[in-house]
2 protein chains.
Amino acid sequence: MSDIGWLSNSIAPLHEEDKRQAGARQSSLTKPAGALGRLEEITLDLAAMQGDVCPQMSEVFISVFAADHGVALNGVSAFPQAVTGEMIKNFSNGGAAINVLAREIGAHLEVINLGTINKLPSLEGVLDLQLGPGTKDICSEPAMSSDQLGKALMAGRDAASRAAQYDAHLFIGGEMGIGNTTSATALACAALNLPPADLAGPGTGLDAAGIAHKIDIVRQALQRHEPSLNDPLEFLRCLGGFEIAALVGAYITCAQSGLPVLVDGYISSIAALMATKVTSSSSNWFLYSHRSAEPGHKLVLEALHARPLLDLGMRLGEGSGAAVAVPLLRMACALHAQMATFNEAGISEKGA
Amino acid sequence: MSDIGWLSNSIAPLHEEDKRQAGARQSSLTKPAGALGRLEEITLDLAAMQGDVCPQMSEVFISVFAADHGVALNGVSAFPQAVTGEMIKNFSNGGAAINVLAREIGAHLEVINLGTINKLPSLEGVLDLQLGPGTKDICSEPAMSSDQLGKALMAGRDAASRAAQYDAHLFIGGEMGIGNTTSATALACAALNLPPADLAGPGTGLDAAGIAHKIDIVRQALQRHEPSLNDPLEFLRCLGGFEIAALVGAYITCAQSGLPVLVDGYISSIAALMATKVTSSSSNWFLYSHRSAEPGHKLVLEALHARPLLDLGMRLGEGSGAAVAVPLLRMACALHAQMATFNEAGISEKGA
């Protein structure tokens with residue numbers, strides 16, 4: 001079995017003094033106090049994370065984890081399971097949404113294949129870490145073995161370590177896997193003790209009958225693994241996906257090594273939730289990019305006390321919503337660093 | 001008196017066939033239908049405006065109009081009136097928020113001084129079109145003469161023409177002027193037939209007593225000019241500001257010449273509302289960037305049937321909220337143009 005002892009390594013502390021000094025700088029800039037709204041708040045959060053009064057956001061590192069899900073055989077997705085592998089090829093060829101966005105924002109992008117139903121050949125730009133032909137069907141057996149769980153978490157840890165090595169200012173994790181909203185929904189139900197009907201949604205495009213079926217499948221999975229539902233790592237093993245476990249490992253490693261995380265949408269937020277179940281203070285290192293169109297995202301975000309920056313009705317995954325929010329972080333940092341102060345500009349202050 | 005006959009020139013038609021073809025392309029891209037949410041909608045809107053199946057967003061032109069307001073003498077702002085001129089110097093020196101944002105997004109930025117209480121010398125990067133020492137106090141007299149209104153509208157028209165000459169893909173108008181939320185609120189009350197208490201807010205930072213006073217001032221202004229409140233151009237003259245009238249002129253000119261407009265926050269949206277009062281189909285050319293923290297913005301956006309892209313609690317003006325939204329438009333255009341189609345990527349379609 002793979003070693004998972006590193007999961008309990010300590011979480012990096014925030015730099016409260018840098019945040020305080022950043023706040024002082026912010027109130028000296030030539031604008032009414034608070035007039036940049038959330039852009040001001042996010043700058044202070046980044047100052048606390050980076051230990052820098054003027055935080056930076058030039059280097060962004062994106063890892064997209066892909067894997068297949070045995071539960072897809074129950075017909076819980078609008079797309080056939082073959083699409084996971086086909087999309088990995090699309091990532092390799094640069095044609096997917098996250099490829100376009102990574103180019104647009106000048107981010108480093110890597111793709112990690114954790115296991116598709118039909119084994120893929122080696123592909124350019126894709127790290128081959130296949131742990132098996134996807135997970136097992138969670139309705140009838142655990143999604144993965146303890147060894148596979150340990151290796152999936154480690155795949156995430158290694159990605160976060162590569163990001164740190166790259167001197168990234170921000171880590172984004174993305175995911176792709178037909179059937180993975182079903183697995184993620186089961187995890188969120190277990191983590192939040194909520195019924196499947198509160199969280200299950202259309203995913204890539206189910207109709208009402210499809211959602212009803214998905215609710216039933218999640219209920220079956222939760223019943224099957226009922227004895228595990230008090231132990232986060234154990235229900236992550238039973239209900240999760242390779243790519244979701246990798247996100248959990250990546251997020252926890254970022255929090256341990258002091259690298260800010262920008263969380264993407266529904267599935268990524270559930271991975272963030274699982275990370276906080278494993279080690280609660282990891283949440284100090286998570287920023288939230290967007291509110292997904294997937295209706296269950298609302299409850300997950302509430303549980304995380306998350307206030308995402310964007311609400312654009314996106315529901316694509318791949319890290320795409322987080323990538324779209326990166327320019328907001330960059331502009332927030334640029335405003336904070338480059339605006340003149342009242343003193344520098346010789347401007348009368350409020351009520352003067 | 002300045003000629004304003006151009007206001008009734010025809011509004012450019014939208015290109016519905018390009019929009020239809022853009023929609024066909026969109027549904028062939030390797031993502032679940034609709035999964036990019038508002039980014040998909042905005043791409044189709046831009047396709048219709050630009051007459052291009054793959055709309056472009058590289059060249060962005062920002063004109064910031066600044067002017068003083070006589071109504072500021074009634075103590076309706078948290079800042080002294082001198083700040084308008086001081087901020088124009090700050091624009092010239094590159095230290096204001098819009099300077100930072102324009103650099104960050106690589107936009108062309110120009111600043112137009114339409115008249116400050118103390119005449120400013122010539123400043124680098126600032127077009128000197130001073131129409132007088134700010135407007136008059138709208139509580140007791142019309143804000144401006146017919147000649148000043150015509151010149152302010154024309155200042156906006158000329159800015160929009162420069163943007164078209166620049167081959168801009170998008171026009172952003174910004175504003176700066178101590179007291180201008182009071183003037184804008186009076187205009188919105190007149191345009192929407194709403195009481196001042198429904199629209200007046202803190203602006204740059206009034207407390208509750210300050211807002212109550214502002215409501216009283218707006219009520220006085222509306223009473224003073226009651227006979228003009230059925231004629232948009234006449235109440236624009238009586239209640240407006242030079243910079244607000246310039247925005248109206250710029251927006252209408254963009255709509256006439258087929259240049260998409262990205263509207264900023266509270267004051268800019270009220271200028272857009274005034275433009276639609278003058279010529280209703282100008283609204284076809286307006287996109288909305290963000291929901292301001294100014295509480296009255298909600299009602300103005302509703303009246304415009306506007307669904308802004310961002311809701312970040314910003315309330316700075318200067319065109320800053322619109323500038324912050326530009327990367328979203330760029331990413332939307334890039335995704336649309338660069339993503340692979342299902343066919344190109346050899347990916348199984350939904351339900352296949």
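So you know, we letter chains A, B, ... as the sequences are listed, proteins then strands, and number each from 1. Every value quoted in this text rests on a predicted model; they were computed, and no experiment measured them.
With a threshold of 4.5 angstrom between heavy atoms, E104(B) approaches chain A through side-chain atoms but not through N, CA, C or O. Heavy atoms of I347(B) lying under 4.5 Å from chain A belong to its backbone as well as its side chain. The contact between L310(A) and chain B is made entirely by side chain atoms (from C-beta outward), counting heavy-atom distances below 4.5 Å. Residue R307(B) does not touch chain A at all, counting heavy-atom pairs closer than 4.5 Å. At a 4.5 Å heavy-atom cutoff, A337(B) makes no contact with chain A through either its backbone or its side chain. If you measure heavy-atom distances from I105(B) to chain A, the contacts under 4.5 Å come from the side chain alone. For A293(B), no part lies near chain A; criterion is any non-hydrogen pair under 4.5 Å. For K89(B), no part lies near chain A; criterion is any non-hydrogen pair under 4.5 Å. In this structure, the portions of L335(B) lying under 4.5 Å from any heavy atom of chain A include both its backbone and its side chain. At a 4.5 Å heavy-atom cutoff, A332(B) makes no contact with chain A through either its backbone or its side chain.
Side-chain contact between E318(A) and K31(B): absent, with no pair of heavy atoms (C-beta onward) separated by less than 4.5 Å.
No more than 12 heavy-atom neighbours from other residues, nucleotides or ligands sit within 6.0 angstrom of CG on N343(A). By the 6.0 Å contact criterion, CD on E302(B) is enclosed, its count of non-hydrogen atoms from other residues, nucleotides or ligands being greater than 12.
Interface remark: of the candidates G85(B), A97(B), P327(B), A97(B) forms the most heavy-atom pairs closer than 4.5 Å to chain A. Comparing R315(B), M314(B), E344(B), M339(B) by heavy-atom pairs within less than 4.5 Å of chain A, the highest count is held by R315(B). Comparing N99(A), D311(A), N93(A), L328(A) by how many heavy-atom pairs each has under 4.5 Å with chain B, the most go to L328(A).
Nearest approach of P32(A) to L316(B), heavy atoms of both residues: CD-CD1, 3.5 Å. Closest non-hydrogen pair, A345(B) versus N90(A), comes out as CB-OD1, 3.7 Å. For the residue pair L39(B) and V324(A), the shortest heavy atom distance occurs at CD1-CG2, 4.0 Å.
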